[in-house]
Amino acid sequence: MISKMLCSQVLRSRFYQSAPILSRFYTVDSVITEWSKKFKEAGIPDPESSVRNIVAHVMNLPKLGDLYLKIDENLKENQYEKLIPLFECRLARMPVQYIIKEWEFRDLRLKMVPPVFIPRPETEMLIDIVMNNSPALNSILEVGCGSGAISIALLRSNSSLQSIAIDQSEKACKLTKENADLNEVSRRLNVLHAKLTVEGGFQPTSSEKFIFDQKFDVIVSNPPYVPSSEVLTVEPEIYLYEDLRALEGGKDGLKIIKPLLTVASKLLTKDGLIFLETHYHHSKLISDWINLNPSLNLEFVQTFKDFCEKDRFVQIRKIS
Amino acid sequence: MRKVLLSYKTSESSDITSLMMFPIYQKALIRNSVLKQFFPSCVASILKVTYKIDRSKVPTFDEKDIKEQFVRGSGPGGQSVARSANQVILTHLPTGFIIRCHETRSVEQNRKIAREKLITKLDNEINGENSVEAQQKRIDKKRASAAESKRRKLEELKRQWKEREGLT
């Protein structure tokens, strides 16, 4: 009897003590520490950065760095309630970019929608490379635009530029249009829903028909280049949530790059340039393939390294 | 003149409108409000003292002297890695300064910000009192003390006026 009373007393006191702590007094710092630990134990990659990104999103902070200023603040009850389901998504290995539905690409803010490919940080350098190495830059064609990051960033950095972006996925086309609207470049960007064919042409997937009557100064692309064997080893974030068509480049990783170069040779002006992001051992393979196909009238110019010192980008010129 | 006065009352903050009660301020305020309507930039320059910051001593660094680390680390990189940790760690080898930057979600932006932070740190170390940050601090202090003395003056005037009118 006594033990029962004691027990209930202990329970009650515990309940009264813990109830308000649970619901009201969660500081930003304590949430970050607690959930970083949970993520780490569950084997989630980038545990702390995942938590920080999600908390900053729920607190509606424009910059991730602003979180450091709010570290001692208490989270509001509705904010804490919003956080938990988002953390659970992360435990299911959903990429943070899809959870918070947005990401930054250079100085742009882009909307992210699964399964459209998430722009990788390496690709940010491609913009500077295109801007610094193209003498004539009036019209651009982007093949495989995904969320539209490359086209939009290029349009933002040159106000007289016109661009056409093509993707085989309808969701990607829709997202590119939305992101162009958000970043106020939609007037200069034409998005087409079409698929690159093996022979080197575009096949419209929707009812709208189009013919390219113009030629382009620059063709830019981040084509699928991951060799099939490497696709098998990617993290669950990628194979569960992202569209693998945006990654997989066949046995040697060149399945899309070859028809892309064929198309480029038809659509480029004289001295027009191609800029591609590729796998780090592709530059030699691509230059060899171009030399084997002189009818394309292409010339390999140079390779650029990414910030991890890996050969990541290639520049190719149309000779005549 | 009356029109101007009315529009001034409705558009400006109540703090300034309350000053209209004091005869000594009336003339200046009306003049300012007229000026503000026709030459907004001109009045701003009259009202605000501009301070200049000397940036000639700001140091630069050689890209060869810095080591840059990323959380992405080794591995294939590119499309086969989807990560969210975009922290950049800069080490300035000659001084051993370490800068961490995780301000934005973009590696490119973080690299830029980290370099700016490194320059600020070098500037503070080399130029001390003459660094841009120290200069900015002094200017902020001056501005704050000027605003404070202005506030005190106003309060004193208000007190005197109240005394004259016998409101206390």
Side-chain angles (χ1 to χ4, degrees), chain A residues 45-50 52-54 56 63-68 90 95-97 99-100 102-109 117-125 127-128 222-227 230-231 233-235 237-238 241-242 246-249 277-280 306-310 312, chain B residues 60-94 97-124 131-133 136-137 140 144:
Chain A
D46 299 336
E48 197 178 328
S49 122
S50 303
R52 279 179 185 277
N53 272 301
I54 294 170
K63 266 171 72 188
L64 195 59
D66 295 345
L67 201 60
Y68 294 100
R90 186 71 193 108
V96 180
Q97 289 89 338
I99 297 175
I100 68 172
E102 65 167 356
W103 203 245
E104 281 166 57
F105 183 80
R106 294 168 68 92
D107 51 351
L108 304 176
R109 209 163 266 278
F117 184 73
I118 300 164
R120 306 291 197 255
E122 281 89 348
T123 313
E124 293 179 308
M125 289 181 86
I127 311 303
D128 286 328
N222 178 12
Y225 59 69
V226 183
E230 203 178 299
V231 172
T233 63
V234 297
E235 288 173 330
E237 276 83 356
I238 298 176
Y241 295 94
E242 279 191 305
L247 274 79
E248 192 174 353
E277 180 179 325
T278 62
H279 200 273
Y280 59 93
D306 66 7
F307 57 80
C308 292
E309 295 298 316
K310 289 212 162 90
R312 184 64 65 193
Chain B
T60 51
F61 61 87
D62 201 335
E63 280 286 322
K64 284 176 205 152
D65 284 344
I66 54 174
K67 199 179 105 194
E68 217 171 3
Q69 283 166 285
F70 304 92
V71 185
R72 281 176 99 69
S74 58
Q79 292 176 347
S80 27
V81 183
R83 285 290 173 91
S84 65
N86 287 341
Q87 189 179 21
V88 174
I89 304 165
L90 272 191
T91 316
H92 188 241
L93 299 171
F97 285 162
I98 295 172
I99 308 281
R100 278 162 209 278
C101 182
H102 203 177
E103 297 285 311
T104 74
R105 294 180 173 121
S106 139
V107 168
E108 187 83 12
Q109 294 294 324
N110 284 344
R111 292 177 82 189
K112 270 185 201 161
I113 297 168
R115 279 166 176 73
E116 282 163 18
K117 278 185 173 177
L118 176 61
I119 285 183
T120 309
K121 202 166 178 182
L122 288 171
D123 185 33
N124 287 347
S131 69
V132 170
E133 216 172 57
Q136 185 64 52
K137 254 183 202 164
D140 289 347

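Note on naming: letters A, B, ... go to the chains in the order of the sequence lines (proteins, then strands), and numbering restarts at 1 for each one. All heavy atoms count here, side chains included; hydrogens, waters and symmetry mates do not. Given the structure is predicted, the values throughout are model-derived calculations rather than measurements.
- Using a 4.5 Å cut-off between heavy atoms, A:Tyr225 touches chain B through backbone and side chain atoms alike.
- Ring-plane geometry between A:Phe307 and B:Phe70 is classed as tilted, the angle between the planes lying from 30 to 60 degrees on a 0 to 90 degree scale.
- Looking at B:Ile98 and B:Ile89, their side chains come closer than 4.5 Å, going by heavy atoms from C-beta outward.
- With a 4.5 Å cut-off on non-hydrogen atoms, A:Ile100 touches chain B through its side chain but not through its backbone.
- Side chain of B:Asn110 to backbone of B:Asn86: a donor-acceptor contact under 3.5 angstrom is found.
- The parts of A:Val226 that come within reach of chain B are both its backbone and its side chain, each placing non-hydrogen atoms under 4.5 angstrom from that chain.
- The shortest heavy-atom contact between B:Gln109 and A:Asp107 is NE2-N, 3.1 Å.
- Heavy-atom distances place no part of A:Pro227 under 4.5 Å from chain B, backbone and side chain included.
- Put simply, of A:Trp103, A:Phe105, A:Phe117, the one with the most heavy-atom pairs under 4.5 Å next to chain B is A:Trp103.
- Ranked by heavy-atom pairs under 4.5 Å with chain B, the first of A:Glu237, A:Glu235, A:Glu242 is A:Glu235.
- Residue A:Ile118 does not touch chain B at all, counting heavy-atom pairs closer than 4.5 Å.
- Contacts between A:Glu277 and chain B at a heavy-atom distance below 4.5 Å involve the side chain alone, from C-beta outward.
- Using a 4.5 Å heavy-atom threshold, the side chains of B:Gln69 and B:Arg100 count as separate.
- With sequence neighbours excluded, the residues that form a side chain to side chain donor-acceptor pair (under 3.5 Å) with A:Asp128 are A:Arg106.
- Contact of A:Glu230 with chain B is made through the side chain alone, with heavy-atom distances under 4.5 Å.
- By the side chain to side chain donor-acceptor pair (under 3.5 Å) test, B:Arg115 pairs with B:Glu63, B:Glu68, sequence neighbours left out.
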